[in-house]
Amino acid sequence: MSETDTLEQLRSAISDLPAPIYQRVKQAIVGQIRSGAWQPHRRVPSETELVNALNVSRMTINRALRELTGEGWLVRMQGVGTFVAELKGHTAMLEVRSIAEEITARGHHYRNYVVALEQVAASGELAHAFSIPPGDPLFYSQMVHYDNDEAVQLETRYVNPALVPEYLQQDFRLFTPHHYLSQMAPLTSGEHIVEAVLADEAQQALLEVTARQPCLLVKRRTWHHSQVVTVARLLYPGSRYQLVGSFTGQ
């Protein structure tokens with residue numbers, strides 16, 4: 001695609017978006033990246049080219065490019081230009097969302113591999129987490145989630161049988177535990193603990209990482225009203241994934 005065609009597509013996209021102009025510029029650029037029209041490492045049109053083609057102020061273009069750089073969509077190199085970044089997958093740190101939906105929303109192929117699906121006896125730590133006696137039954141699942149055939153999350157999950165009695169009968173190759181649990185025992189509250197860790201040997205094999213490769217571990221516990229539904233450990237290779245959170249000041 002020629003530079004003229006690229007700028008024409010941006011112009012057309014901006015005119016169709018109901019938002020402030022700098023947001024429309026941002027959304028149009030992100031649309032080009034998500035669609036694959038702008039591949040990683042591609043040079044983005046200069047500020048001057050964008051100003052002239054889109055008929056907006058330099059301040060607007062500068063803000064859009066600056067924010068897209070801060071959000072990880074672009075890389076700006078002083079004296080060289082602005083380029084499409086090599087994007088990592090990401091998940092929202094303060095939200096509980098399906099990793100399958102996150103991956104497919106980026107236009108990537110999602111699949112998973114179920115490592116284990118069985119009943120286990122609650123250890124002392126898990127019994128405390130679920131507020132049940134040690135030795136009581138829990139459902140256990142472990143699976144690897146893939147983004148374009150690259151392992152991006154190892155999910156280890158314990159589930160309350162009293163709330164989700166048919167958990168072990170599900171075929172989680174067809175949908176994720178998150179999707180199923182959201183229907184059977186919808187989340188009403190939850191907690192996250194995030195740590196930087198190194199994977200053990202079994203985790204290294206499943207995630208295809210080395211012993212020295214840092215990982216992000218999210219420990220998540222969720223409730224349905226007053227009862228704990230699930231305790232999960234979500235392990236991400238640090239080089240392939242990032243956790244994203246946002247907030248507003250008051």
Side-chain angles (χ1 to χ4, degrees), residues 1-110 145 147-148 150 152-153 178-179 182 187 190 192 194 216 218 236-250:
M1 182 184 299
S2 70
E3 199 75 0
T4 300
D5 291 337
T6 295
L7 292 170
E8 182 57 41
Q9 283 193 352
L10 280 180
R11 224 178 355 251
S12 175
I14 287 170
S15 66
D16 295 334
L17 296 172
I21 185 62
Y22 85 93
Q23 286 281 12
R24 285 188 273 162
V25 172
K26 286 179 62 178
Q27 292 172 38
I29 291 174
V30 169
Q32 293 293 307
I33 296 171
R34 281 181 166 161
S35 71
W38 289 13
Q39 292 293 314
H41 313 298
R42 175 202 169 110
R43 181 185 173 278
V44 174
S46 69
E47 284 190 14
T48 300
E49 290 170 321
L50 290 170
V51 166
N52 293 335
L54 305 179
N55 195 29
V56 298
S57 71
R58 183 174 294 274
M59 183 180 299
T60 295
I61 295 298
N62 182 271
R63 178 177 181 180
L65 296 180
R66 186 174 68 250
E67 291 191 6
L68 288 171
T69 300
E71 293 166 9
W73 292 100
L74 303 176
V75 175
R76 305 187 79 180
M77 301 176 64
Q78 189 67 34
V80 179
T82 302
F83 300 85
V84 177
E86 185 73 51
L87 297 178
K88 295 181 182 180
H90 69 275
T91 190
M93 187 171 66
L94 302 179
E95 298 178 18
V96 178
R97 296 181 58 197
S98 166
I99 189 169
E101 293 175 0
E102 292 174 1
I103 290 170
T104 55
R106 294 193 293 274
H108 292 186
H109 171 67
Y110 167 81
H145 299 278
D147 181 339
N148 284 347
E150 185 173 56
V152 293
Q153 185 197 89
H178 170 85
H179 177 80
S182 296
L187 166 71
H192 289 100
V194 182
L216 294 170
V218 178
Y236 302 85
S239 63
R240 301 176 200 159
Y241 231 76
Q242 59 185 343
L243 301 177
V244 177
S246 62
F247 60 89
T248 57
Q250 298 295 327

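In what follows, every heavy atom counts, from backbone to side chain, and hydrogens, waters and symmetry copies are set aside.
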Trainee: I'd like to check the side chain to side chain contact (heavy atoms under 4.5 Å, CB included) partners of His179; sequence neighbours left out, ordered by chain and number.
Mentor: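 Counting only residues at least two positions away or on another chain, His179 forms a side chain to side chain contact (heavy atoms under 4.5 Å, CB included) with Phe175, Thr176, Gln183.
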
Trainee: Do Arg24 and Ile21 come close enough that some side-chain heavy atom pair is under 4.5 Å?
Mentor: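 Heavy-atom side-chain distance check passes, below 4.5 Å.
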
Trainee: Quick one: does Val25's side chain get under 4.5 Å of Ile61's, heavy atoms only?
Mentor: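 Side-chain contact under 4.5 Å: yes.
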
Trainee: Passes side-chain contact (heavy atoms from CB on, under 4.5 Å), Leu68 versus Val30? Steps please.
Mentor: CA-CA 8 Å; Leu68 288 171; Val30 169; 3.5 Å; yes

Trainee: For Tyr110, check ring pair (Phe, Tyr, Trp, His ring centres under 6.0 Å) against everything at least two apart and list the hits.
Mentor: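 Residues passing ring pair (Phe, Tyr, Trp, His ring centres under 6.0 Å) with Tyr110: His145.
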
Trainee: Tell me, please, which residues at least two apart from Arg58 pass side chain to side chain contact (heavy atoms under 4.5 Å, CB included).
Mentor: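 Residues passing side chain to side chain contact (heavy atoms under 4.5 Å, CB included) with Arg58: Glu47, Thr48, Val51.
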
Trainee: Just so I know, are the side chains of His41 and Val84 near enough to count as touching, which here means a heavy-atom distance under 4.5 Å?
Mentor: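 They are not in side-chain contact.
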
Trainee: How about Leu74 and Val44: do any of their side-chain heavy atoms sit closer than 4.5 Å?
Mentor: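 Heavy-atom side-chain distance check passes, below 4.5 Å.
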
Trainee: Listed by chain and number, what are the side chain to side chain contact (heavy atoms under 4.5 Å, CB included) partners of Ser57, not counting sequence neighbours?
Mentor: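 For Ser57 the side chain to side chain contact (heavy atoms under 4.5 Å, CB included) partners, ignoring immediate neighbours, are Met59, Thr60.
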
Trainee: Are side-chain heavy atoms of Ile29 and Trp73 found at a separation under 4.5 Å?
Mentor: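 Result no, sub-4.5 Å side-chain heavy-atom pair not found.
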
Trainee: With no hydrogens and no angle check, is any side-chain donor or acceptor of Glu150 less than 3.5 Å from a backbone partner on Asp147?
Mentor: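 Checking the backbone N and O of Asp147 against the side chain of Glu150, no donor-acceptor pair under 3.5 Å is found.
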
Trainee: Could you grab the distance from atom CZ of Arg66 to atom NZ of Lys26, nearest 0.5 Å is fine?
Mentor: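 Rounded to the nearest 0.5 Å, the CZ-NZ separation comes to 10.0 Å.
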
Trainee: Give me the atom names and distance for the closest heavy-atom approach of Ser46 to Arg43.
Mentor: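 Ser46 and Arg43 have their closest heavy atoms at CB-NH2, 3.7 Å.
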
Trainee: Run the salt bridge (charged side-chain N to carboxylate O under 4.0 Å, His left out) test against Glu101 and tell me which residues pass, sequence neighbours left out.
Mentor: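 Salt bridge (charged side-chain N to carboxylate O under 4.0 Å, His left out) list for Glu101, sorted by chain: empty.
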
Trainee: Work out which heavy atom in Ala37 is nearest to a heavy atom in Arg42; give both atom names and the distance.
Mentor: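 Heavy-atom minimum between the residues: O-NH1, 3.8 Å.
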
Trainee: Please report the closest heavy-atom contact between Ala85 and Pro40, naming both atoms and the distance.
Mentor: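 Shortest heavy-atom separation between Ala85 and Pro40 comes out as O-CB, 3.8 Å.
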
Trainee: Is there a side-chain contact between Ile99 and Val152, using heavy atoms and a 4.5 Å cut-off?
Mentor: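 SC-SC contact between Ile99 and Val152 confirmed.
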
Trainee: Could you list the residues that satisfy side chain to side chain contact (heavy atoms under 4.5 Å, CB included) with His109, not counting sequence neighbours?
Mentor: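 His109 satisfies side chain to side chain contact (heavy atoms under 4.5 Å, CB included) with Arg111, Asn148, Asp149 only.
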
Trainee: Does the Lys NZ or Arg CZ of Arg63 fall within the cation-pi geometry relative to Tyr22 - under 6.0 Å from the ring centre and within 45° of the axis?
Mentor: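 Judged by the rule (NZ or CZ under 6.0 Å from the ring centre, within 45° of its axis), Arg63 counts as positioned above Tyr22.
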
Trainee: Can you tell me how far the CG atom of Leu50 sits from the CG atom of Asn55, to the nearest 0.5 Å?
Mentor: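 One gets 12.5 Å once the value is rounded to the nearest 0.5 Å.
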
